[in-house]
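Okay, structure first, notes after.
Please read all numbers here as calculations on a predicted model, not as lab measurements.
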Amino acid sequence: MREFNSYYAWHMQKKAEFMAQALRKKHFIVEVAKTSQEAKKILLSMIPEGSSITLGGSQTVVQLDVLDELRSDRYKLIDRYSDKCKEGPDYHFGVLREGLLADVMITGTNAVTQNGELVNMDCSGSRVASIMYGPKKVIIVVGVNKLVKDIPAAVQRMYEIAPINAYKEGHVTLPCVQTGVCTDCDVLQTEEVYGRMCNYLSIVLSGHKFPGRLNVIVVAEEMGF
C-alpha cells in the first residue's frame with residue numbers, strides 16, 4: 001500500500017501541471033519543478049552571468065535559499081535583504097527604485113487563478129510595479145498552494161494571509177497582528193509606526209506583451225504563504 005505522502009505528492013504534481021497549462025495559455029513562459037531544489041537550479045540557469053538582479057519581497061525567494069549564489073561575483077545583486085537596508089527608509093527606498101531598471105527580477109506571487117492570472121497585494125508597490133514594467137526579465141517562483149479558483153478568491157486569499165505578512169515584516173502594531181485576522185485597517189505610516197501593509201493590488205491578465213519577459217517556475221510543493 002502506498003504511503004499517505006505519495007498521494008499528496010501525486011496531487012501536488014497534478015496541480016503544478018494544471019497551473020503550468022493555465023499560465024501557458026496566457027502566454028507566460030513556464031517551467032515545472034518537482035521540488036524547491038530543482039526550482040533553484042532552473043532559476044539560476046535562467047540568469048546570465050553579469051546580470052543585475054532585483055528581488056521582490058517574497059518568502060518564496062527566501063525559502064529557495066538562493067541569496068548566497070545571487071550575492072556572488074557572478075551577478076550584481078540589488079539586495080533588499082542586506083543589513084544596510086535596515087538602517088533607514090531612505091536607503092531602502094533607493095534600493096527599490098534602482099531595482100526597477102534591473103536586468104532580472106526574481107519574485108513570488110500571492111496567487112495564480114485557474115484561468116492563469118497572477119494576482120498580488122503589495123505594501124510599497126515596488127514588487128507589483130517591477131512585475132508589470134521595468135526589469136528586462138521577470139522570474140516568478142510559485143508553489144501549488146497559491147492556486148485559487150478566480151480573482152475574487154485570490155483577493156480573499158491575500159487578506160487571509162495578510163496578518164502573517166504583517167507580522168513577518170515587523171508591522172506589530174497593526175490590528176491584524178494583534179488578532180490574526182485582517183480588518184481592512186486604516187493605520188497611517190509614521191516615523192514611529194509601521195502602517196497598513198495592503199496598499200496596492202495588481203492583476204496580470206496575460207504575458208502576451210514583450211514575449212519571453214514574464215517567466216514562471218511552478219513548484220510541485222507548498223512555497224511561501
Notebook entry, point to check: Can you tell if the side chain of M105 reaches within under 4.5 Å of the side chain of I131, non-hydrogen atoms only?
Noted result: yes
Next item on the list: First locate atom OG1 of T109, then atom CG of N120, and finally report the distance between them rounded to the nearest 0.5 Å.
Entry: 3.5 Å
Margin query: Under a 3.5 Å distance rule, please check whether K137 uses its side chain to pair with a backbone N or O of M46 as donor and acceptor.
Written below: yes
Item checked: Note: E31-K41 ion pair, threshold 4.0 Å (strictly below) -> no
Next item on the list: Look up atom OH in Y167 and atom CE in M197, then write down how far apart they are to the nearest 0.5 Å.
Entry: 14.0 Å
Check: Would you say the side chain of N165 lies within less than 4.5 Å of the side chain of M121, judging by non-hydrogen atoms?
Finding: no
Next item on the list: Output every pair passing ring-ring contact (aromatic ring centres under 6.0 Å, His included) with a member in residues 179-200, not counting sequence neighbours, ordered by first then second residue.
Entry: H171-Y194
Next item on the list: Report the distance from atom CD1 of I53 to atom CG of L67, rounding to the nearest 0.5 Å.
Entry: 10.5 Å
Checklist line | Pairs flagged by side-chain hydrogen bond (donor to acceptor under 3.5 Å, both in side chains) wherever residues 141-161 is involved - sequence neighbours left out | finding: Q156-E160
Item checked: Value rounded to 0.5 Å, distance of CD1 in I217 from OG in S45 -> 7.0 Å
Check: Sub-3.5 Å donor-acceptor pair from the side chain of Q63 to the main-chain atoms of G224, do we have one?
Finding: yes
Notebook entry, point to check: Taking all non-hydrogen atoms of both residues, which atom of A166 and which atom of L174 are closest, and how far apart?
Noted result: CB-CD1, 4.0 Å
Note to self: Between E222 and K15, does the salt bridge (charged side-chain N to carboxylate O under 4.0 Å, His left out) criterion hold? Intermediate values first, please.
What the structure shows: CA-CA 11 Å; E222 294 190 359; K15 287 177 73 174; over 6 Å; no
Notebook entry, point to check: Under 3.5 Å, is there a donor-acceptor pair between the side chain of R196 and the main chain of C185?
Noted result: yes
Notebook entry, point to check: Which residue pairs pass the salt bridge (Lys or Arg N to Asp or Glu O under 4.0 Å) test with at least one member in residues 103-128, sequence neighbours excluded?
Noted result: D103-K136, D122-R127
Note to self: Quick check for you: to the nearest 0.5 Å, what is the distance between Q114 atom CD and I151 atom CD1?
What the structure shows: 12.5 Å
Checklist line | Under the salt bridge (Lys or Arg N to Asp or Glu O under 4.0 Å) test, residues paired with K209 that sit two or more places apart | finding: none
Check: Do L70 and I47 come close enough that some side-chain heavy atom pair is under 4.5 Å?
Finding: yes
Checklist line | Point-to-point distance, once rounded to the nearest 0.5 Å, from CD1 of I78 to CG of L55 | finding: 9.0 Å
Next item on the list: Just do the side chain to side chain contact (heavy atoms under 4.5 Å, CB included) check on T107 and S130 with the steps written out, would you?
Entry: CA-CA 10 Å; T107 188; S130 293; over 6 Å; no
Check: Under the ring pair (Phe, Tyr, Trp, His ring centres under 6.0 Å) test, which residues partner H11, sequence neighbours left out?
Finding: none
Check: Under a 4.5 Å cut-off applied to non-hydrogen side-chain atoms, are V218 and E17 in contact?
Finding: no
Item checked: Side chain N215, main chain G212, donor-acceptor under 3.5 Å -> yes
Notebook entry, point to check: Got more than 12 heavy atoms from elsewhere within 6.0 Å of NZ, K168?
Noted result: yes
Margin query: Using a 6.0 Å cut-off, check whether atom CZ of R24 has over 12 heavy atoms from anything other than its own residue.
Written below: yes
Check: Please, which pairs that meet ring-ring contact (aromatic ring centres under 6.0 Å, His included) have at least one residue in residues 24-75, sequence neighbours excluded?
Finding: H27-H208
